[in-house]
Structures are given as C-alpha cells and as structure tokens.
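Note sheet for the following structure.
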4 protein chains.
Amino acid sequence: MTPGASGGPARLTRSERTEAAILAATRELLAKGGVRELTVEGVAACSGVAKSTIYRRWRSKDELALAVVIDMVQTVVAVPSLADTRSELIALVQGAVRVLGKTLMGSVMQGLVPELATDSELARAFRDRVVALRVQEVERLLRRGIERGELRTDIDIGLTHELLFGAVYYRLFLSGEPLDRKLAERIVDGVLPGLLKPAAGRRTARPT
Amino acid sequence: MTPGASGGPARLTRSERTEAAILAATRELLAKGGVRELTVEGVAACSGVAKSTIYRRWRSKDELALAVVIDMVQTVVAVPSLADTRSELIALVQGAVRVLGKTLMGSVMQGLVPELATDSELARAFRDRVVALRVQEVERLLRRGIERGELRTDIDIGLTHELLFGAVYYRLFLSGEPLDRKLAERIVDGVLPGLLKPAAGRRTARPT
Amino acid sequence: MTPGASGGPARLTRSERTEAAILAATRELLAKGGVRELTVEGVAACSGVAKSTIYRRWRSKDELALAVVIDMVQTVVAVPSLADTRSELIALVQGAVRVLGKTLMGSVMQGLVPELATDSELARAFRDRVVALRVQEVERLLRRGIERGELRTDIDIGLTHELLFGAVYYRLFLSGEPLDRKLAERIVDGVLPGLLKPAAGRRTARPT
Amino acid sequence: MTPGASGGPARLTRSERTEAAILAATRELLAKGGVRELTVEGVAACSGVAKSTIYRRWRSKDELALAVVIDMVQTVVAVPSLADTRSELIALVQGAVRVLGKTLMGSVMQGLVPELATDSELARAFRDRVVALRVQEVERLLRRGIERGELRTDIDIGLTHELLFGAVYYRLFLSGEPLDRKLAERIVDGVLPGLLKPAAGRRTARPT
DNA sequence: GACTAAGCGAGACGGTACGTCGCGTCTTAAA
DNA sequence: TTTAAGACGCGACGTACCGTCTCGCTTAGTC
C-alpha cells in the first residue's frame, strides 16, 4: 500500500511507531513484574528502541510508567440502567473488583500508590482523570436512586464513593483478602442501609 | 548481681545497642524521604554501623524498612469503653485517621503497598500482625454492641472492618482527600445503619 | 577535513581517552603497591573513570592488572648482531635482568605468578605473547650461532631458553639474590658449554 | 589411659591439639584451592576452631599460610650416593620436579612468590630454611664429583644451583610446560658440560 | 532528485546503591 | 580466666540501572 492511501488505518510516522512500541513494551513488562521490576533498559530491549529515545519522550522511568498506568486506569465502564439502585451499585463495584482482581490493573495500582504520594502533579492528574470519574458515576447512580424514591435525599456522595471503593482497595492493598465475586454485593449491602429512605419509626444511632 | 540490673535502664549489650542504632536511623531516614529514598548505605552512615552488620540482620533493604514499618504500625490503641458503639467505632477510626494523617505513618504506609504486593512473606506478616489486630478490635467493639442490644447479631465483622478502614486508606492512597477530624464520624455514620438492630417494619433492600 | 587529522597526534575518541586513562592509572598504582594493593576502586578514583566503565572492559580486577602487565611484559628488545653467540646471549639475558631488576616489572612478575597459576586463559595469553617471543629470540640467536659454526646442530632450544631465563627468575622469585650486572654473563657461561660444538676427543658425561 | 601416663605418645594439651587442628585444616584447604582461595574463615570452619583462636597464634592469614607452606617446603630429601655426579644431580632435580609436579607443593609455591616479595622477614626465613638447604645439597654433590675427579675444581656452586632449579621453577611459574620425567635429565645434561673437567684441546667460547 | 538536519539505534559513560565476602578486632557467654 | 563463638567496622568486590552523552545512520522534508 502506498503511503497516505486512504481508507486503511493512517500510516504511522516513524515517531508514532516508535512511541507505540515503547508503550506496548511498557505495558507488557508492567504485566509481568509490575512497576517494581520495570526498567527503562528492559523497555528499550523489549521494544527494540534505544534508551535515549525513551528519555527523549519521558523525563524518567516513573513518568513513563505512570503515563501508561494512567492511560490504563482511566477506562471506566458506565453502568447501565438496572432494576434498582442496589443492582446498579453492585454492578459498579463489581466492575472495579473484576478489573483489579483479574487484570494487571491490580498490581499497577499497587505500584501507583507511592508515586501518587510523591508526585503531586501526578496525584492531581489521577484525581481529575480517575477518581473524579468514579465519583461522577456514583453520583449518577445515587441521583437516579433518589429520583426513583429509593434513597434518602441527603446522601453524602463523596463518602459513599469512598466506602464502596475503599473496601475494595483495602483488600487489594493491605488485607490481601481475595477480590471475589461476592465482595461487591457484600460491600453494597453494608453501605446501602445508610442510603435508603428511612422507614417510619426507624431507629437510628445518629445524634438528634 | 547482673551488671546494671538495678534501677536504671537495663544495660544493653553491644548487639542490642547496634540494633537500636540501626532502627533509630532507619526511622529517622524514613521520616524525611520515605521508603523511596531510604538506602542501606544511608542507614549505615547515619547509624555509625557497618553495612554488613545491617545485612547480617535483614536480608535486604526492603526487609529492614518493613521491619521498622511493621513495628511502627502494629501499635494499636485499644478503644476504651464509651457510652455507645457509635462513639467507640468513631474513636477507633479516629485513631487510624490521626496516626495516618499526622505522623509519618501515612507516607510509610504508602511506601508499604508495593512491598506487600511483591513480598508474600511480608504480606503475611502484615496481615498477621497488623490487619488481624484491627479486625480483633473491631470484633471486640461489635460484640460489645451486640451484647448491649444495640447491634444486629448477624454482622459481617470482616466486611465492617474493611468498610471502616478502607475509606480511610482510600483517601490516603488514592483520592488524596484530607484525613480530617470529621472523617471518622462520617465513615461510622455511613456504615452504622447496616449494623443496627432492624426496627420493626423497617424497609430493606436486601433480598429475602 | 577530519578534525585533528593533520599533523598532530590523532584525535582520540572518548572511549579511547577513557581506556588510556584507566591503563595509565593502573600502571601508576601498580608502580606503588604492586598487584597486591591494586584495587578497581582505586583505579576508578585515580583515573576519574566510573567503576562500571572499568568492568565494561575487563571482567575483573585481575584481568585489568594482567592486561597492563602483559602489555608491559611483551616488550622484547631484539638483540642486535654481535661478535659471537656468547655476547648475544649475554645481551639477551642482560636485557631481562635489567628490566626485572630496575623497573617495576620485577614486582609485577612476582604478582603475576599466582594469577597465571589460577587463570588458564591468562596463562595461555602469557605463553603466547610473552614466553613464545622469548623462545623465538633464543632460537634466532642459536640458529645464527649454528650457521656460524659455533654451536652444535642438535641444540634443545626450549631447554636452553628455560635455563637462561629460569635462573634469572629463580633469583627474582625465590632465592632473593640480587639481579646484578655479572649475572647474565655467569648464566650464559654456565649454559654455553652445552651448546658449543664438541671438540674432537671431548669427554662427555652423556650416555652413549 | 590416665593423664600424664608415661610411655605412650605424649598426651597433647588442648592448646597443642588446637594448633594441630588449625595446621591440618590449613594444609587441607591449601591442597584444594591453593593460597588464593585460602581464607581464615574457612580454616576456622574446617578445623572447628574460632577465628580469634587463629589470630591469637598468627598475626594474619598470610602468616598462617606461610607457616604451613614453609613447613612443607623445607622437607628436602638427601640424595644417596650413586654411580656418578650426573645421576646424582638428576636424582636431586628429579626430586624437585616430582614434588612440584605431583603434590600440592606446586600451587603452594606459586602462591608463595608474591608473599616472599612482600614480606622480607618471610623471604629471609625462606632463604635460610629452604634455599640454603638446596644449595648445600648441590654443594655436597658437586664436591663429591670434584673429589671423584669428574668435575672442574672452580665450579660456581650458587650458579649451578640456580640453573638446575631455575629451569624447573620457570616451567612451574611462567612457561607452563609440564613437569615431566625427562625434564630433570635434560636440565642436568644442559648444565653438566659446564661442570665437567675440560678435555685437552677443548674449544671454548670463554674469553681468554 | 539530491541535500540536509532532525530523529534514531546503539551503547559507552559517570554515578549511586546494591548485596556479598573476607579481613582482623572486639564482646560475650560458657567452661 | 581462658577460650569458642561469632558480631562488628571496614573496605573492596562485581552487578544493575539510572539518566546523560556521543556517535554514525536513517529518514523525512526542503530546495
């Protein structure tokens, strides 16, 4: 096929091909070994690219890793409309459980934690491009639940989001418990009572 | 009579003094710089101890860091008996919030995450010596609440523990929201409804 | 025109400059201290080169030392034609006596002995590049003597070479006797009778 | 047997047993590995003796090694009277060839060279206790030959000793040629002509 | 269609830290 | 009180990557 031929996928310039190779190699090496064992020399060898070419594009190994990681992480699947809010929340949490437990996203996130702690610019990017999306999705589902009359109107959306996902990441990062199929349901059932419209005469521990 | 047996602090052997110096230096260097910038050579220089002496006690830099970290982390403050379970749970969570937000424990825990992911032996140690303590404390409080008649009898203790602490660590690790004074209370109030004894005719989302 | 191509000393590439610096430093440090006290770190510091750069070129400290040593040793001065074989042999041996006794070659050779014993590859290199040259030179002189009619035709060249130099090295390595000016002459006069053409009726101890 | 019982081999004190164990272990480790791979820690482990006990007796690793080596080396077998001087010299040289080629004495001597170069006290000990014995033995044989009328009366004994043994050590240390059975004979036949009584009318290259 | 400068591969370089080994000294507990 | 066991300070080892730096060789674009 001649260069610039229409129809097919745009012919990539050398520079673009190079960048793609680097990113692919980085992803591959992240998969086995995680951030901890990722080395620039490894990426260079695996991608057939010179080390200097990598450094021409990313200032450091961490920047490269994080570019890839952020790119992977920001994929968020919107939850379709289901019968009730409980089902929708379970679907949402289940999505996170699955991607963290079954793909390399889990180890990627583990490696990401100290980077976020160190690099405030990265932390902001992560909040804006990843966390915010999750909050929005939670908000969307909760608002729908409120409209349906299922949920209280004074829900703390940010907190709910933190409870739902916090428990998942707690397993991933610290407790080491498995990310299994029942987890999402249990989490939602633990959080949901605080979201539901109070029944008449319902007893509560909240201070008056 | 054993030398130094009376009165003052027990006379330390050289070996003990050495170990103490290493740990102190490690703690100091962890404080500024975190796990990321901790080096064995730095610890050696700072503690006035030979590198080989450090390696005689810990197999690697990570093991040293983690020994210190685990040692710091496993300090769990038992929650005293308070008026009600809500107050006690808030006190428990507030303890974690404070230590993670105000001391270097926060950054230490951030650095710990990828280590736990990599080193399964360490992960087990962490679970046994840190997570398990937390679970026990949650269990103690919840059992007391059940005995008092405040709480349901079929509580999922593990899940509760994950919800309570998961949200705290989620802020620390990912969302970057501040670990402030109101957090513990909000978390507990988000989780508590699922723990309370159901009032008669209470509406629930749980499947029958 | 290539930079520096005309006239002056050829412009060296960085790599060449580096190698030269390493070798110079090694020679300098060998001079004071000998092989025993030579360290790669010392060479690195003295040459302003990184340790890793040294290890990129030589597999170990010994290899470096020996590369330099071999390089120094393989300088063999060809003996010019003199009046007779005796004078030529004396000149040859005297050359070895002088370089071993007056330069640092002596201590270098002392340090070389256990290396040769340990490293068979090195031993081969030494035999091929140093010993062989000496044998050749002895052979050249002896053949000339045979052509002149001075020497027997059935001389054992290898043995002669070993006798001539063995005595020199024996002093250097073991007996500690000085390598003085008369030594070469005495050695040659001890060996020469076995090389000369037998006079008629000459008495010999050799078995028939 | 009760302590101090007379008759049997003297009961060794603990100190003597310890020393013997150290020496035995040193000899054993010298056998495999040579001086180069001899370590004090190895000797301690192999002899079941504490390192500090070794250092109480020898100031350094080298001293220990050399004590053992010297002890081994100074074993010189006196050559019995044979038919003629040639046979006796061959027997003498053959003794050295055999012990250097077939036992660990060869590698021991190789390792000894740089030590002798470094440690002048050791060098003197070696000369006095080893070299001198060899010279004496050569002298004894040569004097007998002179008395028999076989040899010239103005023989340079020291030189002869250096020629005879130098060639052997030259092979061992530098040329790497095998120490085989013919070697001693060839060496002696190379040196002997210079020792024999000159036949009448014999041609010589010596200056008048 | 040749020319040129930017981009690239290759990989050497100065560094920093790693974890190891062996030295010779020093401490401690036991005999 | 002497010794065995072994921890200690030290210094060098050889390795792995870091991020920088030359080098020629492509390879697009410009004339």
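Naming: A, B, ... by sequence-line order, numbering from 1 per chain. None of the values given here were measured: they were computed from a predicted structure.
- Side chain of A/K61 to backbone of A/L38: a donor-acceptor contact under 3.5 angstrom is found.
- A/L30 places a side-chain heavy atom less than 4.5 Å from the side chain of A/V68.
- Here A/G42 lies out of heavy-atom contact (under 4.0 Å) with every strand.
- Under a 3.5 Å cut-off, the side chain of C/S47 and the backbone N or O of C/V43 do form a donor-acceptor pair.
- The backbone N or O of A/L112 sits nowhere less than 3.5 Å from a side-chain atom of A/E115 that would complete a donor-acceptor pair.
- Distance CD1 (B/I54) to P (E/dA17): 13 Å, rounded to an integer number of Å.
- With rounding to whole Å, C/E37 atom CD is found 15 Å from E/dC23 atom C1'.
- The interatomic distance linking C/E16 (CD) with F/dT22 (P) rounds to 16 Å, in whole Å.
- For the segment residues 20-36 of chain B, the set of residues with a heavy atom within less than 4.0 Å of an atom of DNA chain F is empty.
- The side chain of A/T39 places no N or O atom within less than 4.0 Å of a non-bridging phosphate oxygen (OP1 or OP2) of F/dC17.
- Taken from CG in A/L23 to CH2 in A/W58, the straight-line distance is 4.5 Å, to the nearest 0.5 Å.
- Side-chain contact check for D/E63 versus D/R57: every heavy-atom pair is 4.5 Å or farther apart.
- Positionally, the nearest nucleotide of DNA chain E for C/R57 lies more toward the 5' end than for the other of C/R57 and B/L38.
- Here the C1' atom of nucleotide F/dT3 and the CD atom of D/E19 are 15 Å apart, to the nearest Å.
- Looking at which nucleotide of DNA chain F each of D/V49 and B/G48 is closest to, the 5′-most match is held by D/V49.
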statement: With sugar-phosphate taken as primed atoms, P, OP1 and OP2 and all else as base, the protein-contact string of nucleotides 24-31 of chain E at under 4.0 Å (heavy atoms; B, S, -) is BBBSS---
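- Contact check, D/T53 against F/dA4: a side-chain N or O comes under 4.0 Å of OP1 or OP2.
- Between the CD1 atom of C/I22 and the CZ atom of C/R17 there is a distance of 13.0 Å, given to the nearest 0.5 Å.
- Checking side-chain atoms of C/T18 against main-chain N and O of C/R14 turns up a donor-acceptor pair under 3.5 Å.
- Using a 4.5 Å cut-off on side-chain heavy atoms (C-beta onward), B/V35 and A/P114 make no contact.
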